[in-house]
**Student:** 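Questions regarding the structure given below will be posed in turn.
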Amino acid sequence: MKLTKTLLATTALTVAAGTAVTAQDMADSMTLVSWGGAYQASQVKAYAEPYLAANPGVTITWDESSAEAVAKLRAMNEAGNVTWDLVDAVASDSMRLCDEGLAMELDHDEVLAAAPDGTSASDDFGDLLVSDCFVPQIVYSTTFGYRTDLLPEGVEPPSSICDVFDLAKYPGKRALQKRPIDNLEWALYCDGVAKDDIYPTLGTDAGVNQALAKLGTIKDQVVWWSAGAETPQLLADGEVFMGSTYNGRLFSAIAEQNQPIAMMWDMQSFDLDGWIVPAGLPADRKARVMDFLKFATDTQRLADQAAYISYGPARDSSASLVGKHADLGIDMAPHMPTDPANAGNVHIYDYEWWADNRDDLNAKFQAWLAQ
């Protein structure tokens, strides 16, 4: 997948069958599920507030449970009570939910807005439409931030992902996400495995053990996080010297909050984030959420989101509309993970591989954590 590609408001809904739906046929409330923090705030500003302004009487409730989307949708489906209307999910989770029948398959060209020049949605999103159930919003990366004022005297700033594993040169706690994704890949890379060989190696028991052994060299210095807002707070409080999180969270801490933090882009892990519609919604709720989805993923809305957070919009037609930060007035393009200055050595996260292997490796990783 070409994840390095650069990544007119309408509220009229046409469902896949082509039948017009009036506002009277739509529910007047939605529960949207996202990740909280700066990212969710960017969605509120770019998507939700303009939509609510154009649709008086509609209300939106936000749930910050995207990290648990797969487990919670499984449980809701089992109970026969799906309370969510639209869920923000990473690509691999979207693929799992689609495969399990928990997310609705979409005809992207029927339910999404075309580009302003008439280019179809499927051509505008291109290779980023990785699942029939998935509508991408942004390209983001998981990368590292570090405290500039906690560098040992006379030591140059960390510039390599393998500096994370160098406790002698860069002492102090690290923050890592409490999941195998990214951590296992970085560990193998820093144990001498070539990038092209990472996933074949992880596909073996010996490779998993090798990655866990490398992580074990810093395990007692790791603070494990689950929510993206945790690492910026740990860095701000001086509880860790360096930590992984989403690049937009670090941008917020650095550019908006003026924290003494810098970013290390080496081996940043590219990923996609987007929407899925839970399967089996009642007709009125489905109609409302599809109306919102068409609005929220059009060319202008995706470009508008980049004014609030440094994630690349998933539509080609949005790229030229990315401008300055809404409050700071700084150009946003250089802060995107896809900017050439930041993308010299990237890790192309294989979400298809993880969709197939995540449950098994999650179990092994959690067992290792408990040791």
Side-chain angles (χ1 to χ4, degrees), residues 1-5 7 70 89-96 99 127-128 130-131 139-145 158-167 170 174-219 221-222 224-225 228 231 242-247 263-273 312 337-338 340 342-369 371:
M1 297 300 172
K2 300 177 181 177
L3 291 186
T4 55
K5 65 182 288 185
L7 307 157
V70 174
V90 295
S92 59
D93 282 351
S94 298
M95 296 169 88
R96 296 162 79 199
D99 289 344
D127 291 339
L128 305 190
V130 298
S131 166
V139 177
Y140 72 96
S141 75
T142 302
T143 191
F144 280 81
S159 59
S160 163
I161 187 65
C162 298
D163 291 335
V164 174
F165 295 90
D166 192 342
L167 294 174
Y170 300 101
R174 279 82 166 117
L176 295 177
Q177 190 169 8
K178 196 176 182 180
R179 68 173 192 173
I181 296 172
D182 294 334
N183 294 321
L184 297 185
E185 290 99 319
W186 289 328
L188 285 180
Y189 179 77
C190 293
D191 205 42
V193 177
K195 282 201 289 188
D196 288 346
D197 295 330
I198 286 175
Y199 288 106
T201 302
L202 270 186
T204 68
D205 289 339
V208 174
N209 291 336
Q210 180 184 355
L212 292 175
K214 182 65 174 179
L215 285 172
T217 63
I218 61 171
K219 187 179 182 182
Q221 292 296 304
V222 172
W224 299 100
W225 61 269
T231 290
M242 64 168 54
S244 69
T245 191
Y246 313 122
N247 73 283
M263 292 177 70
M264 183 179 72
W265 292 101
D266 186 52
M267 277 291 281
Q268 59 166 317
S269 180
F270 277 9
D271 201 353
L272 302 175
D273 204 277
T338 49
N342 303 329
N345 181 38
V346 302
H347 166 52
I348 305 300
Y349 163 64
D350 192 332
Y351 36 80
E352 293 175 282
W353 190 93
W354 275 108
D356 293 336
N357 294 278
R358 185 167 180 178
D359 287 342
D360 178 55
L361 286 184
N362 272 346
K364 291 180 179 177
F365 187 75
Q366 296 304 323
W368 173 80
L369 280 178
Q371 291 175 358

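Just so we're clear, the structure is a prediction, and the values are computed from it rather than from any experiment.
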**Student:** Do Phe144 and Met263 have side chains that get closer than 4.5 Å, going by heavy atoms?
**Tutor:** no

**Student:** When the ring centroid of Trp225 is compared with that of Tyr246, is the distance short of 6.0 Å?
**Tutor:**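 Ring-ring flag for Trp225/Tyr246: true, centres closer than 6.0 Å.
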
**Student:** Would you name the heavy atoms of Ser94 and Ser131 that are closest together and state the gap between them?
**Tutor:** O-OG, 4.4 Å

**Student:** Indicate yes or no: at least one non-hydrogen side-chain atom of Asn247 is less than 4.5 angstrom from one of Pro337.
**Tutor:** yes

**Student:** Once you round to the nearest 0.5 Å, how far does CG of Asp166 lie from CD1 of Ile161?
**Tutor:**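 Nearest 0.5 Å value for the CG-CD1 distance: 12.5 Å.
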
**Student:** Step through the shown structure and confirm whether more than 12 heavy atoms of other residues, nucleotides or ligands are within 6.0 Å of NZ on Lys364.
**Tutor:**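 For Lys364, atom NZ is crowded (more than 12 foreign heavy atoms under 6.0 Å).
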
**Student:** Just so I know, are the side chains of Phe365 and Leu212 near enough to count as touching, which here means a heavy-atom distance under 4.5 Å?
**Tutor:** yes

**Student:** Walk me through it: do Phe165 and Lys214 pass the test side-chain contact (heavy atoms from CB on, under 4.5 Å)?
**Tutor:** CA-CA 8 Å; Phe165 295 90; Lys214 182 65 174 179; 3.8 Å; yes

**Student:** If every non-hydrogen atom of Gly207 is compared with every non-hydrogen atom of Thr204, which pair is closest and at what distance?
**Tutor:**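 Closest approach of Gly207 to Thr204: N-OG1, 2.9 Å.
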
**Student:** Take Tyr349 and Glu185 through the test side chain to side chain donor-acceptor pair (under 3.5 Å) and record every step on the way to the result.
**Tutor:** CA-CA 9 Å; Tyr349 163 64; Glu185 290 99 319; over 6 Å; no

**Student:** Only one of Asp191, Thr142, Val164 passes side-chain contact (heavy atoms from CB on, under 4.5 Å) with Trp186; say which it is.
**Tutor:** Thr142

**Student:** Could Arg96 and Asp356 be called an ion pair, given the rule that one side-chain N must be under 4.0 Å from one carboxylate O?
**Tutor:** no

**Student:** Looking at side-chain heavy atoms only, is the closest gap between Tyr140 and Leu272 below 4.5 Å?
**Tutor:** no

**Student:** Going by salt bridge (Lys or Arg N to Asp or Glu O under 4.0 Å), name the residues that satisfy it together with Asp182, two or more places apart in sequence or in a different chain.
**Tutor:** Arg179

**Student:** Using side-chain heavy atoms (C-beta onward) and a distance below 4.5 Å, is Asp266 in contact with Ser159?
**Tutor:**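 A side-chain contact under 4.5 Å is absent here.
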
**Student:** Does Lys219 qualify as a cation-pi partner of Trp368, given the criterion of NZ or CZ under 6.0 Å from the six-membered ring centre and within 45 degrees of its axis?
**Tutor:** yes

**Student:** Assess whether side-chain contact (heavy atoms from CB on, under 4.5 Å) is satisfied between Met267 and Val346, documenting all intermediate values.
**Tutor:** CA-CA 4 Å; Met267 277 291 281; Val346 302; over 6 Å; no

**Student:** Using every non-hydrogen atom in the two residues, find where Asn362 and Pro180 come nearest and quote the distance to one decimal.
**Tutor:** OD1-CD, 3.0 Å

**Student:** When the ring centroid of Trp265 is compared with that of Phe270, is the distance short of 6.0 Å?
**Tutor:**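 Here the rings of Phe270 and Trp265 have centres that are no less than 6.0 Å from each other.
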
**Student:** What pair of heavy atoms forms the shortest contact from Val130 to Tyr351, and how long is it?
**Tutor:** CG1-OH, 3.2 Å

**Student:** Report yes if the side chains of Met95 and Glu352 come closer than 4.5 Å at any heavy-atom pair, otherwise no.
**Tutor:**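 A side-chain contact under 4.5 Å exists here.
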
**Student:** Given the rule in the side-chain contact (heavy atoms from CB on, under 4.5 Å) test, do Asn345 and Lys195 qualify, once you have shown the distances and angles that lead to the verdict?
**Tutor:** CA-CA 10 Å; Asn345 181 38; Lys195 282 201 289 188; 2.8 Å; yes

**Student:** Quick one: OG on Ser92 to CD1 on Ile181, what's the gap to the nearest 0.5 Å?
**Tutor:**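 One finds 4.5 Å between OG of Ser92 and CD1 of Ile181.
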
**Student:** Would you say the side chain of Leu176 lies within less than 4.5 Å of the side chain of Leu215, judging by non-hydrogen atoms?
**Tutor:** yes

**Student:** List the steps and the verdict of side-chain contact (heavy atoms from CB on, under 4.5 Å) for Tyr189 and Cys162.
**Tutor:** CA-CA 8 Å; Tyr189 179 77; Cys162 298; 4.3 Å; yes

**Student:** Any side-chain heavy atom of Trp353 sitting closer than 4.5 Å to one from Leu202?
**Tutor:**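 Trp353 reaches Leu202 side chain to side chain.
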
**Student:** Nearest heavy-atom pair of Asp93 and Arg358: which atoms, and what distance?
**Tutor:** OD1-NH1, 2.9 Å

**Student:** Please give me the minimum heavy-atom distance between Ala175 and Thr231, naming the atom from each residue.
**Tutor:** CB-OG1, 3.6 Å

**Student:** Please evaluate residues Ser141 and Gln268 with respect to the criterion side chain to side chain donor-acceptor pair (under 3.5 Å), reporting the C-alpha separation (whole Å), side-chain torsions for both, the decisive distance (0.1 Å), and the verdict.
**Tutor:** CA-CA 6 Å; Ser141 75; Gln268 59 166 317; 2.7 Å; yes

